[in-house]
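A quick write-up on the structure given underneath.
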Amino acid sequence: MTAGDEDLASLAGWQRELREQFPIIVANPELAYLDSAATAQKPHAVLAAVQTYLTTVNANAGRGSYPWANRTTALLAQARQRVAEFLGDRDRDRDGDGDGDPGGPSAVHFVSGTTEGLRTIARDWLTTLLTDGDEILVPFADHQANLLPWLEAQRLLAARGVRITVHPLPYQASSYDYDTTALTELVGERTAFVAATHVHHVYGGNLNVHRIRQVVGPRVPICLDAAQSVGHLPLDVGELDVDFVVFSGHKAMALPGSGAVWARNTRGPRFEPGGWSGTPNTVGAVALTAALDWLAAADPARIERWTVALAARLTEGLRRLADYEVLGCQLSLAADSSVQQRQGIVTFRHHGIKSDDLGFVLAAHGFLVRSDSLCQAGRDEREGSVRVSVHLHNTPAEIDRLLEVLRSLSVG
Ligand code: PMP
């Protein structure tokens, strides 16, 4: 029995109870939803919180002085505090009254999702931080939402006569992890900012961001794209010592159009998003609080064990099928390997079947997976692949059924 199988056995009771809480999953027993990295399904608690808010309190925030409006304003403050706590920011509520008024310097800003969050940091903050000759390091093979905003900032600065250098944050090809040895060579006096990703949306690896801090030292701000990690594994801003954490509500079991930027606000200028934001996404914030409450109670450490074990089961099964190639770290394909376990995301190709067709066939068998170029920066649109991404409602039986179907498509 592998460590993964042991986890699946010991967590089975916990998982069964939580799976029951997803109405869309329970209502569709013939389907296996395997696309949580694209968007996550919602537990009943989140749907109920939305319904309760809209049927008992619904009002605009920060505008009226009647009870519903005041309650909505308070719910937004509560959501900010929930985000900070969920990310391990123990400092924010320094006065300890839990009302969401910041006691410490850190802040939580609501955005429509990771893409908008990263873009806002790039345009409204990074452009005020950098001066002529500065250098930044950003990932060139992660999600394009974590590359294009930094290149846009470079263009905006160039238009003002400020020239900065953008270096690719180096990868180690063998492990698909950031290469901290190569990074050491690149970091210097002028290094002013690093953008990184917590969990890779194609390869599923945890990119060990704490090691970046060890290389760049205490001065350089680090921005973390946590779109694929919030709700999937424990994330602690104290341990990671990053300066921004950005994530999307819809991938963390809350609603589309919601998301958050957590800003430490101790390195560089304070993050003050510009523009006029108008009416905030009140329902999105309410759903986010409910989703983070639910995920905290479910326990991200257990969610990680469960989803890593499911991904290992799938990877191990695919390794035995000659017609398939799993993308990403090959070392972790060895059964006994402890390196770079996949965090619930496995991406693969069939040597003889186009990925679109494979996705279509799998859908016909009830497996809902992603099949395209996966918005990876630098990747050719035609270079398709199939991505299976699991969450805690998925089961070993679903993975075994999927492997059966994949095996039946093997020509060798
Ligand atoms: N970063 C990563 C790592 C992602 O996986 C995604 C979504 N696939 C994004 C950013 C963009 O998220 P959103 O579309 O919710 O803005």
Side-chain angles (χ1 to χ4, degrees), residues 33-42 83 87 109-123 138-152 168-169 171 176-178 194-209 212 222-233 235 240 242 244-262 273 281 284-285 287-288 291-292 307 311 327-328 340 342-347 359 368-379 381 384-391:
Y33 184 71
L34 296 168
D35 202 14
S36 290
T39 199
Q41 299 302 348
K42 323 302 178 200
V83 169
L87 301 178
H109 300 270
F110 295 123
V111 286
S112 66
T114 308
T115 303
E116 192 201 334
L118 293 170
R119 193 159 185 234
T120 309
I121 294 167
R123 295 209 307 191
V138 305
F140 273 59
D142 294 357
H143 198 282
Q144 59 197 16
N146 198 12
L147 172 62
L148 302 182
W150 317 122
L151 299 180
E152 187 187 18
L169 186 57
Y171 283 89
Y176 273 98
D177 196 353
Y178 295 130
V194 178
T197 304
H198 199 191
V199 169
H200 200 282
H201 72 295
V202 177
Y203 309 124
N206 178 336
L207 292 162
N208 295 308
V209 176
I212 295 180
I222 301 175
C223 174
L224 188 63
D225 172 349
Q228 295 298 350
S229 59
V230 168
H232 290 265
L233 65 158
L235 192 169
L240 294 179
V242 292
F244 291 101
V245 173
V246 188
F247 68 96
S248 303
H250 70 98
K251 292 186 203 277
M253 299 190 178
L255 300 183
S258 68
V261 170
W262 173 88
N281 182 356
L288 195 54
L292 297 182
T307 52
L327 307 193
Q340 282 293 88
R342 287 178 164 75
Q343 299 282 339
I345 296 177
V346 183
T347 303
L368 312 183
V369 301
R370 172 94 181 248
S371 52
D372 62 17
S373 64
L374 305 174
C375 305
Q376 186 177 14
R379 188 148 149 188
E381 287 289 316
S385 53
V386 165
R387 179 180 70 187
V388 167
S389 55
V390 296
H391 219 313

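One-based numbering, in listed order, for ligands and for the atoms of each. Starting from 1, each residue takes its place in the sequence as its number.
Listed by number with element, the atoms of ligand 1 under 4.0 angstrom from any heavy atom of S248 are 12 (O), 13 (P), 15 (O), 16 (O).
With a 4.5 Å cut-off on side-chain heavy atoms, K251 and V230 do not count as touching. No side-chain heavy atom of V199 sits less than 4.5 Å from a side-chain heavy atom of H232. Residues Y176 and L327 form no side-chain contact, since every pair of their non-hydrogen atoms from C-beta on lies 4.5 Å or further apart. Two residues are said to be in side-chain contact when any heavy atoms from C-beta on lie closer than 4.5 Å; L34 and V390 meet this criterion.
The single protein non-hydrogen atom nearest to atom 4 (C) of ligand 1 is H143 CD2, 3.3 Å, given as residue, atom name and distance. Of the protein's non-hydrogen atoms, the one nearest atom 3 (C) of ligand 1 is D225 OD2, 3.4 Å.
By the 30° and 60° cut-offs, the orientation of the rings of Y178 relative to Y171 is tilted.
Considering backbone and side-chain atoms together, Q228 places an N or O closer than 3.5 Å to an N or O of ligand 1.
Closest approach of C223 to I121, counting heavy atoms only: SG-CD1, 4.0 Å.
With a heavy-atom cut-off of 4.0 Å, T115 touches ligand 1 through backbone and side chain alike. Residue H250 touches ligand 1 through its side chain alone, judged by heavy-atom distances below 4.0 Å. Contacts with ligand 1 closer than 4.0 Å are made by side-chain heavy atoms of K251 only, the backbone lying farther away.
Ligand 1 lies out of reach of N146, whose nearest heavy atom is not under 4.0 Å from it.
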